[in-house]
Amino acid sequence: MARASTTSLLLLLLAVASTSAAGGKVTGNATSADLRLRRARRARRKTTENGLGRTPQMGWNSWNHFFCGVNEEIIRETADALISTGLAKLGYTYVNIDDCWAEQNRDYQGNMVPNKQSFPSGIKALADYVHAKGLKLGVYSDAGTLTCSNRMPGSLDHEEQDVKTFTSWGVDYLKYDNCNDAGRNVVERYTKMSNAMKKYGKNIFFSLCEWGNSNPATWAGGMGNSWRTTGDIADNWDSMTSRADLNDKWAAYAGPGGWNDPDMLEVGNGGMTEAEYRSHFSIWALAKAPLLIGCDVRSMSQQTKDIISNWEVIAVNQDSLGVQGKKVQSDNGLEVWAGPLTGNRKAVVLWNRQGYQATITAYWSSVGLPASATVTVRDLWAHSSSSAGQTPGSAEGQISASVAPHDCKMYILTPK
């Protein structure tokens with residue numbers, strides 16, 4: 001009897017160990033995909049130690065519209081505009097200065113110096129201004145000897161000194177680029193800055209901008225709160241769609257505390273149509289990408305504002321479950337992207353990447369619903385509980401819609 005009890009106990013312990021290793025599910029032979037997912041989950045857990053980025057970051061960045069033509073007046077007016085337009089209340093709280101904000105040479109003590117012409121009041125005064133509005137300020141540096149503009153110093157071998165400086169100024173966000181690397185190993189360079197951030201910049205969101213060259217999704221999880229999975233985006237259809245595809249392959253590595261980053265939003269900069277910008281925003285939201293506005297919010301059109309202020313689409317991006325949606329069906333440019341949300345709901349995007357109107361159908365088996373499930377359907381762009389080709393407000397087995405060229409439909413499906 002004692003021997004039988006001991007055997008039972010051992011079997012129970014083995015089962016528990018197996019369950020734990022599989023993330024709560026007892027499994028037999030793990031596939032390579034299972035193992036990759038487990039590694040990704042472990043990486044996600046490592047990202048939580050600074051408590052930041054529990055949902056993807058939202059805000060604004062200067063580069064896509066202003067490039068090196070940024071100054072403190074633009075930053076102040078942008079902060080004002082985020083408040084006056086209501087964007088800040090929707091979650092757009094980071095105001096991030098990209099490249100070219102500093103003098104090319106450090107001071108006699110080796111400290112970075114704000115550019116005297118474009119930022120005469122200094123970064124500390126700017127941070128105080130932004131903070132007084134309930135917003136947060138971000139700056140930019142580089143894991144090299146110079147930044148990508150070659151107009152200001154990078155932080156290579158000055159990591160701790162620069163983080164101490166940023167902290168003293170009240171900086172809340174650091175975008176860390178990858179130019180002028182002096183031929184040194186990429187992981188070594190980003191590890192040095194990560195260690196400095198953990199020591200002196202625990203309240204600073206750390207955004208690694210390695211461009212995806214060395215698959216940072218596989219190693220950056222313990223270093224920062226987001227990591228670029230692609231090269232720089234440009235304001236055109238081909239660039240945007242290619243970034244979406246490149247980012248998609250790393251979906252399993254994203255989660256609360258650490259996010260895949262296919263680069264900033266181009267919505268409103270003029271290089272794409274309204275339909276293309278709507279698709280851009282929808283896919284970025286579904287993929288739990290950072291929502292960093294890249295246009296001039298001081299003078300944006302109503303069309304642009306309507307896209308970036310769609311609170312229902314934003315809610316998909318900010319859903320606390322924190323699972324990146326991904327491409328689940330593809331047929332010659334007619335695509336379905338989907339992902340789970342809290343409350344057993346599914347977010348679904350029907351995306352027409354062709355140049356003609358087409359009907360796209362999402363099947364329950366693709367989006368992760370039981371074949372027999374009946375759901376209520378919420379159209380996030382029409383802000384209505386009805387969908388084309390279905391009984392208003394409900395669907396069973398599949399959902400179909402006619403989608404315009406380069407446009408999309410976006411839904412939340414809630415099981416009844």
Side-chain angles (χ1 to χ4, degrees), residues 58 85-87 89-92 237 240-241 244 265-268 272-289 291 293 300-319 325 327-329 333-364 366-369 373-416:
M58 294 178 62
T85 58
L87 289 170
K89 288 185 177 179
L90 291 170
Y92 294 101
W237 172 256
M240 182 271 287
T241 55
L265 295 168
E266 290 283 8
V267 181
M272 287 184 265
T273 66
E274 179 183 5
E276 290 168 346
Y277 281 140
R278 184 164 41 246
S279 295
H280 179 18
F281 193 72
S282 298
I283 294 297
W284 260 237
L286 182 86
K288 301 297 188 290
L291 297 183
I293 301 166
M300 64 181 170
S301 67
Q302 186 62 47
Q303 181 186 96
T304 294
K305 183 183 176 184
D306 289 344
I307 292 173
I308 62 176
S309 64
N310 186 325
W311 63 269
E312 294 194 77
V313 176
I314 291 170
V316 170
N317 180 261
Q318 296 291 297
D319 184 77
K327 188 186 303 188
V328 297
Q329 288 177 217
L334 307 179
E335 298 182 351
V336 177
W337 293 59
L341 302 173
T342 53
N344 243 357
R345 300 169 301 150
K346 308 293 180 182
V348 177
V349 175
L350 309 182
W351 191 12
N352 182 2
R353 290 167 62 162
Q354 284 289 2
Y356 52 83
Q357 186 100 7
T359 296
I360 303 175
T361 300
Y363 298 96
W364 279 193
S366 297
V367 304
L369 287 168
T374 300
V375 304
T376 57
V377 179
R378 177 70 178 176
D379 185 323
L380 305 191
W381 286 107
H383 299 294
S384 66
S385 295
S386 62
S387 57
Q390 303 290 338
T391 303
S394 67
E396 184 173 354
Q398 64 189 54
I399 183 170
S400 297
S402 180
V403 186
H406 290 193
D407 209 341
C408 71
K409 301 284 187 179
M410 189 170 186
Y411 306 105
I412 288 180
L413 310 181
T414 304
K416 291 184 177 179

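Since we're looking at a predicted model, the values are computed, not measured. Computed over heavy atoms, backbone and side chain alike; hydrogens, waters and symmetry mates excluded.
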What closest approach, in Å, do [X] and [Y] show between heavy atoms, and which atom pair accounts for it?
X: A338; Y: V348; result: CB-CG2, 4.1 Å
X: G397; Y: W364; result: N-NE1, 3.0 Å
X: A358; Y: L334; result: CB-CD2, 3.7 Å
X: A347; Y: L286; result: CB-CD1, 3.5 Å
X: V377; Y: L413; result: CG2-CD2, 3.9 Å
X: C408; Y: V349; result: CB-CG1, 3.9 Å

With a 4.5 Å heavy-atom cut-off, do [X] and [Y] have their side chains touching?
X: L350; Y: V336; result: yes
X: Q357; Y: P405; result: yes
X: W381; Y: V313; result: yes
X: T85; Y: M300; result: yes
X: P340; Y: K346; result: yes
X: T361; Y: I399; result: no

Do any N or O atoms from the side chain of [X] and from the backbone of [Y] form a donor-acceptor pair under 3.5 angstrom?
X: H280; Y: E266; answer: yes
X: Y92; Y: I308; answer: yes
X: N310; Y: L380; answer: yes
X: D319; Y: L341; answer: no
X: D379; Y: S384; answer: no
X: S279; Y: H406; answer: yes
X: T376; Y: T414; answer: yes
X: W284; Y: L265; answer: no
X: Q329; Y: I360; answer: no

*More than 12 foreign heavy atoms under 6.0 Å from CG of N344: is that the case here?*
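For N344, atom CG is not crowded (no more than 12 foreign heavy atoms under 6.0 Å).
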To the nearest 0.5 Å, how far apart are [atom1] in [X] and [atom2] in [Y]?
X: L90; Y: M58; atom1: CG; atom2: CE; value: 6.5 Å
X: Q303; Y: T273; atom1: CD; atom2: OG1; value: 8.5 Å
X: F281; Y: S309; atom1: CZ; atom2: OG; value: 8.0 Å
X: S282; Y: W351; atom1: OG; atom2: CH2; value: 9.5 Å
X: S366; Y: Q398; atom1: OG; atom2: CD; value: 10.5 Å
X: I307; Y: Q302; atom1: CD1; atom2: CD; value: 11.0 Å

_Going by the rule salt bridge (Lys or Arg N to Asp or Glu O under 4.0 Å), which residues pair with R353 if we only count those two or more places apart in sequence or in a different chain?_
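Per chain and number, R353 pairs via salt bridge (Lys or Arg N to Asp or Glu O under 4.0 Å) with D245, E335.
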_Which residues share a side-chain hydrogen bond (donor to acceptor under 3.5 Å, both in side chains) with T241, sequence neighbours left out_ = none
*Taking only residues two or more places apart in sequence or in another chain, which ones pass side-chain hydrogen bond (donor to acceptor under 3.5 Å, both in side chains) with E312?*
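If we apply the side-chain hydrogen bond (donor to acceptor under 3.5 Å, both in side chains) test to E312, skipping adjacent residues, the hits are R378, H383.
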